[in-house]
Chemist: 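My questions all concern the structure below.
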Amino acid sequence: MASAAPHAPPWPSSAPTNSASSSPPPSSAPAPGVRCFVPEADRSASAALAELSGGGLLRCASPAEAARDSALVIVLIDADGVDELFFGVEGIAKGLCTGAAVLIRSTLLPSQLEKLEQKLADEKKDVLLLDGYIFSGLSDELKQQIVVVASGRQDVAERARQFFNGLDKTIYFAEGEFCTSSKIRLVNDLLESIHFIASVEAMYLGVRAGIHPSIIYDIISNAAGSSRIFVELVPKLLSEDPLLIDFLNSSKKNASYVMDMAKAVTFPLPLLGVAYQQLIHGSSAVIGDVSASPLKVWEASFGANIVDAVSQQIYDASKLADQLVMESKSAKRIGFIGLGAMGFGMASHLLKLGFYVVAYDVYKPTMARFDDLGGSTKGSPEEVAKDVEILIIMVANEFQADSVLYGSAGAVPVLSAGTSVILSSTVSPGFVIRLNKRLEAECRDIKLVDAPVSGGVKRAADGTLTIMASGTDEALHCAGAVLSALSEKLYIIKGGCGAASSVKMVNQLLAGVHIASAAEAMAFAARLNLRTRSVFEILQHARGYSWMFGNRVPHMLDNDYTPYSAVDIFVKDLGIVSCESSNSRIPVHVSSIAHQLFIAGSASGWGRYDDAAVVKVYETLTGVKVEGKPPLLSKEDVLHSLPAEWPEDPMDDLVSVASRNSKKIVVVLDDDPTGTQTVHDIEVLTEWPVEALVEQFLKLPTCFFILTNSRSMTADKAMLLVQTVCRNLEAAAKNVPGVSYTVVLRGDSTLRGHFPEEADAAVSVLGEMDAWIICPFFLQGGRYTINDIHYVADPDRLIPAGETEFAKDAAFGYKSSNLRQWVEEKTRGRVSEKRVSTISINLLRKQGPNAVCQHLYSLEKGSVCIVNAASEKDMAVFASGMIQAELKGKKFLCRTAASFVSARIGIKPKPPICPNDLGLKRALTGGLIVVGSYVPKTTKQVDELRSQCGQSLRVIEVSVEMVSMKSTEDRDQEISRVVELGNAYIQNRKDTLVVTSRQLITGKTPEESLEINYKVSSALVEIVRRIDSKPRYIIAKGGITSSDIATKALEARRAKVMGQALAGVPLWQLGPESRFPGVPYIVFPGNVGDNSALAKVVQNWASPSRISTKQLLLNAEKGGYAIGAFNVYNLEGVEAVVAAAEAENSPAILQIHPSALKQGGVPLVASCIAAAEQSSVPITVHYDHGTSKSDLLQALEMGFDSVMVDGSHLTLGENILYTKSISSLAHAKGLLVEAELGRLSGSEDGLTVEEYKARFTDVAQAEGFIDETSIDALAVCIGNVHGKYPPSGPNLKLDLLKECIDLGVRKFNVNTEVRNSYLESLKKSGKDLIQVMASAKEAMKAVVTEKLHLFGSAGKA
């Protein structure tokens, strides 16, 4: 059959697209006058065309007449008769006009379609063919809509969209190259065929187990085993509907096309293969030449008459449950064995409801968690079972159930008479029946309730499970209250113990087959080169959909097999199906193949992976990849493709005007401290009493932050906190006349956090807003929003946020990268994607702030608007437009990243801050780096920090297991260990990294994960609180960590943001009330910077490396003072010089003479170097009077900062050669070289120069000497002498010393006076050795202090 749209008016042009897209149904009615040709016998085709065209059909006598002068011809046909329809005497080709397009929906294989396209092109060169897949939408979203999936040349597919968008109830997808649509149809047909046979097997298995088929249908239709085929097929099966035959034959025919295609592309389809054989078998029933109902065939195969089973007395399983709950007995003391993922949630929910629960599990940390919740735990099943009214068993399998009941220290021997046992594990019906007989044989009135559960971990914790229960009436009445407490849907299944497990078995058969068929379908789609994510999006609306397809395929697309239900679970559950069907002699072909697929997955090592990992069996066997991540984009290419930025700076005057006119203060509620990443000279409050807020408002700041740290809380607590802050803001504002404020909710640029909960909380206090603004752009972190997709740069590519590790966050995970879809996802459909407005980059860059204002002003009250941005200028343009709208009376609530805040308040960036900017000099302690963040980026940064700074860094790893999963005593011991080491390292001037162990431990639910995070964070807080050595600086890595350290460990109530230590890394100055006021506090976000970023900050803020002697003298040159170089001989001398220098805040030089080196050796040099490194003032170590070349060569290898080459005893030429040779070697090592020209007379350190050998320095010679030797400093002989001064003291004109300094002398050697003070102190008797050392040190220190003042270096460090 064929239909055609009239040629006039022509199609409007449309830009081509490469991605699948759907358009919302237009509100206008369809255009009348759609012509069609339908053979008289083809009633179904007539109905389909009528539905597609909205009923406005004009019948034509031939295909050619229907196609004549039409712009678009739609053809719906099977494989047979295509040639005649297109190329017959009155075929479509005869009527096609120039430029027409043909959209064909058929059962032709892609190869046949390609031949048709070629033949049509040969006969009508200007006619274009589109491949179409057309079906009725069956999802809640597209119910009663016609879905059209067209593929072919992009411009033609987009032109076709114009026609379909003009029809009511029609959704159009343009998807891929020619034949793509037919391939998607084949994937759907594969699913339909497998689901058909699985539904038949499940229903007959349930009937053979004695369950009424209507009960099975009612329960499964609303359970995880449901599919659209099941819902549609089973009523036909139960009513012996004649359409069942058509249904079967159609499925068989479609399956044959899929098998042909699989053969053509060489792809195995084991599930479809066996389903196809069963479809053939079912259609083998004939009466004469006419197909008969398959029920007789299936009755013979499965040994059951399903029509007879339907006629049996029916009951309402749900109503029986309601009646049971009303009549059930109360029970308060519950025993619970099995605290796995599901069991822990169930047991903890009973605790919340007031039941007394005593529990046991083989995993001790889980029992510790249960204790923390207020539960009671015991050491064995036997101890748990004593004196309980009800015992719940929730273990993994039959073996474990038998073990906890009858094994060593088992429960049954100690159960009180009349106890009820609820078995909620998924086990075989046969096991339940045998267990019931064993319990009856105890003759103690122990009652068994067969009560398998379904619903997952979250529903277990919420008490909203689906539970099927069976047993004696008495047993059910005893357990009814507990079963009701755990369930949202409770079904009572008649038939005694084993009946409920039979229903669960049927559900698991379907669920397992549906997971395996989803894997087969998606792997087949990948083999057909289809975009698997697009296939999934389309098939969600089609007939081949199942609950498991919708739930598990996203795991396959994301290649994320974090276990929710493991492969091994279905090895067990389908094993139960196989065993029970074998015992009942029922063939279950499809479920047996599915079972083998799960076994293959387990054998390959994927047993503990999520059950969706069964797709890896297909991937491994065939080499395809189902993973449907979108292609990675080049950041440079994408940014260059955008329009040029808005040319003007819109914020120059607007912020001050807005502030002056409205006194509106921007109050930023920051859900962790990293939101200050883009601002400076802004205050942060960590507490928010009304008085503090009034004080802040009175300052009339442009902006201030309130650190809520709500991201570390549960959603309920975060909402309460935001409401409290907003109420306090309201109260404070009323106390400050004329002030107003606007609230910004600063959140994570990777979309984590409590949205929409915090926005809802703010609105509940502040009143409804004109719009919520969503703006996660953050340049410094590489976060861009382009075409509504939010990207994370890494580093040169743009990765959609939903594809990053941030989207897998245990507490705040999400799937959508498109912000409009993200809003719908996070609001759980309350705000649909279609209701989310967009500020595009085109609008920002081409139309500017006024257009932004106009757009915002036109929004309906209560709207949500997302902001695209790729540069700071984009942010400024948006902020300018928003301020204009605010000045016109509009109110907005902004949920944004850090970049918006700086744009909104018009703050200009400034370069990163370094220690010198804060006047931070060498410290007596090391820095403290605390790392709690677990994002992969942080782990890489920590690894790089350890690699680059390993020599100088001390690392203390905090065991997360010890502080979050072990006993209180173990936790305290671990904290004390870290504190002791931390204090020791910091006190010894070592930068210290305190880092949590990198193995991420998460809970079974988001709430449990937050609880573990809290325990880890509180341990870090306790560690920092107990470290009493004041660090040189503090770096806190991770949002939660940095907040808790600042507020709880350091007790800061307010702070000032000084700027950034690195782009995107805030630096705070904590308030005077904090424990370490004045210590720089660096808030390092977990998700900012490249791998070396943390190492860069630590290197920038570490205690400066030891200054060189050359720099020391250059500083003296600039400052107009001289440096004292003090000869030292032992440890007391070294300490005396350093102590005096630190006390006077003066630089100094520790100087070692060759004779002193001969006595003190390497230890003397090492002590000088260590003292210089540990000093809080600049100290260098100098080798003095090197007269021996061999001694100097050794000195060059010992760590000196500078050396003196003393060739004064040589002739001038020899001195030059000697000095020059050492100078070149020393300079190669970065050492300063001092030389001597001229000689002093006298004796010192064993060296005597006779007066007749002494000579003054010749100025003319000095110039040439310096040029020849390339020395850095020259010791000159100007008339003083070596040796001991007379008792009357030296006859030196010290007043000339100042003149020498003014003339450029920058180094004065001091030896004799210091040495003499040491010797004089030794003459004082009556002291032990310690007192002698102390006295000598003080005596030398006094001399050094005097000289530091004399040389003018005091206070110049």
Chemist: For the residue pair Asp1044 and Ser1017, confirm or rule out a side-chain donor-acceptor distance under 3.5 Å.
Modeler: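 Side chains of Asp1044 and Ser1017: pair found under 3.5 Å.
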Chemist: Got a sec, which residues hit salt bridge (charged side-chain N to carboxylate O under 4.0 Å, His left out) with Asp573, two or more places apart in sequence or on another chain?
Modeler: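 If we apply the salt bridge (charged side-chain N to carboxylate O under 4.0 Å, His left out) test to Asp573, skipping adjacent residues, there are no hits.
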Chemist: With Ser565 as reference, evaluate Asp610, Asn551, Asp611 under the side chain to side chain donor-acceptor pair (under 3.5 Å) test and give the passing residue.
Modeler: Asp611
Chemist: Could you list the residues that satisfy side-chain hydrogen bond (donor to acceptor under 3.5 Å, both in side chains) with Asp970, not counting sequence neighbours?
Modeler: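 Scan of Asp970 (side-chain hydrogen bond (donor to acceptor under 3.5 Å, both in side chains), adjacent residues dropped) gives Ser967.
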Chemist: Of all residues at least two apart in sequence or in a different chain, which pass the side-chain contact (heavy atoms from CB on, under 4.5 Å) check with Ala409?
Modeler: Ser380, Glu382
Chemist: For Tyr217, is there any backbone N or O sitting under 3.5 Å from a side-chain donor or acceptor partner on Ser221?
Modeler: yes
Chemist: For Leu439, give me all partners under side-chain contact (heavy atoms from CB on, under 4.5 Å), at least two apart in sequence or on another chain.
Modeler: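 Expected list: Tyr406, Val412, Leu435, Ile446, Leu448.
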Chemist: Tell me whether Arg752 contacts the main-chain N or O of Asp809 through its side chain, where contact means a donor paired with an acceptor under 3.5 Å.
Modeler: no
Chemist: Any side-chain donor paired with an acceptor under 3.5 Å for Arg1026 and Ser976?
Modeler: yes
Chemist: Can you name the side-chain contact (heavy atoms from CB on, under 4.5 Å) partners of Asp387, sequence neighbours left out?
Modeler: Arg333, Ser416
Chemist: Give me the atom names and distance for the closest heavy-atom approach of Ala600 to Ser604.
Modeler: O-OG, 2.9 Å
Chemist: Quick one: sort the Phe598 and Phe570 rings into parallel, tilted or perpendicular, breaks at 30° and 60°.
Modeler: parallel
Chemist: Check side-chain hydrogen bond (donor to acceptor under 3.5 Å, both in side chains) between Arg608 and all other residues, then give those that pass, not counting sequence neighbours.
Modeler: none
Chemist: Has Ser602 got a side-chain atom pairing as donor or acceptor with Gly607's backbone, closer than 3.5 angstrom?
Modeler: no
Chemist: Please check if the side chain of Ser348 supplies one atom and the backbone of Gly345 the other of a donor-acceptor pair under 3.5 Å.
Modeler: yes
Chemist: Do the side-chain N and O atoms of Glu961 and Ser997 include a donor-acceptor pair separated by under 3.5 angstrom?
Modeler: no
Chemist: Can any side-chain N or O of Glu757 pair as donor or acceptor with the backbone N or O of Ala718 at less than 3.5 Å?
Modeler: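 Checking the backbone N and O of Ala718 against the side chain of Glu757, no donor-acceptor pair under 3.5 Å is found.
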Chemist: Tell me every residue that passes side-chain contact (heavy atoms from CB on, under 4.5 Å) with Lys572, counting only those two or more places apart in sequence or in another chain.
Modeler: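 Lys572 satisfies side-chain contact (heavy atoms from CB on, under 4.5 Å) with Asn397, Thr426 once adjacent residues are dropped.
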Chemist: Could you tell me whether the side chain of Arg208 and the main chain of Ile586 form a donor-acceptor pair under 3.5 Å?
Modeler: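 No; zero donor-acceptor contacts below 3.5 Å.
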Chemist: Does the pair Lys437/Glu440 count as a salt bridge with the N-to-O cut at 4.0 Å?
Modeler: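 Result for this pair is no, no salt bridge flagged.
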Chemist: Please answer whether the main-chain N or O of Ser428 pairs with a side-chain N or O of Glu398 as donor and acceptor at a distance below 3.5 Å.
Modeler: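 Yes, the answer is positive, given that a donor and an acceptor are paired below the 3.5 Å cut-off.
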Chemist: Side-chain polar contacts of residues 486-496 - donor-acceptor pairs under 3.5 angstrom, sequence neighbours left out - could you list them?
Modeler:
| residue | atom | partner | partner atom | Å |
| --- | --- | --- | --- | --- |
| Ser487 | OG | Leu483 | O | 2.8 |
| Glu488 | OE1 | Arg459 | NH1 | 3.1 |

Chemist: Which residues pass the side-chain hydrogen bond (donor to acceptor under 3.5 Å, both in side chains) test with Arg438, sequence neighbours left out?
Modeler: Asp402
Chemist: Looking only at side-chain N and O atoms, does Ser1018 offer a donor or acceptor that is under 3.5 Å from a partner on Arg971?
Modeler: yes
Chemist: Under the side-chain hydrogen bond (donor to acceptor under 3.5 Å, both in side chains) test, which residues partner His349, sequence neighbours left out?
Modeler: none
Chemist: Check whether the side chains of Asp560 and Thr562 place a donor and an acceptor atom closer than 3.5 Å, and report yes or no.
Modeler: yes
Chemist: Name the orientation class of the two ring planes belonging to His754 and Phe812 (parallel below 30°, tilted from 30 to 60°, perpendicular beyond 60°).
Modeler: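 Ring orientation of His754 relative to Phe812: perpendicular.
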Chemist: I'd like to know if the side chain of Asn507 reaches the main chain of Val503, judged simply by a donor and an acceptor atom lying under 3.5 Å from each other, with no hydrogens or angles considered.
Modeler: no
Chemist: Show me, pair by pair, the donor-acceptor contacts under 3.5 angstrom made by side chains of residues 473-480, not counting sequence neighbours?
Modeler:
| residue | atom | partner | partner atom | Å |
| --- | --- | --- | --- | --- |
| His477 | ND1 | Asp473 | O | 2.7 |
| His477 | NE2 | Glu327 | OE1 | 3.0 |

Chemist: Who passes salt bridge (charged side-chain N to carboxylate O under 4.0 Å, His left out) against Asp450, sequence neighbours left out?
Modeler: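 Salt bridge (charged side-chain N to carboxylate O under 4.0 Å, His left out) check on Asp450 returns nothing, list empty.
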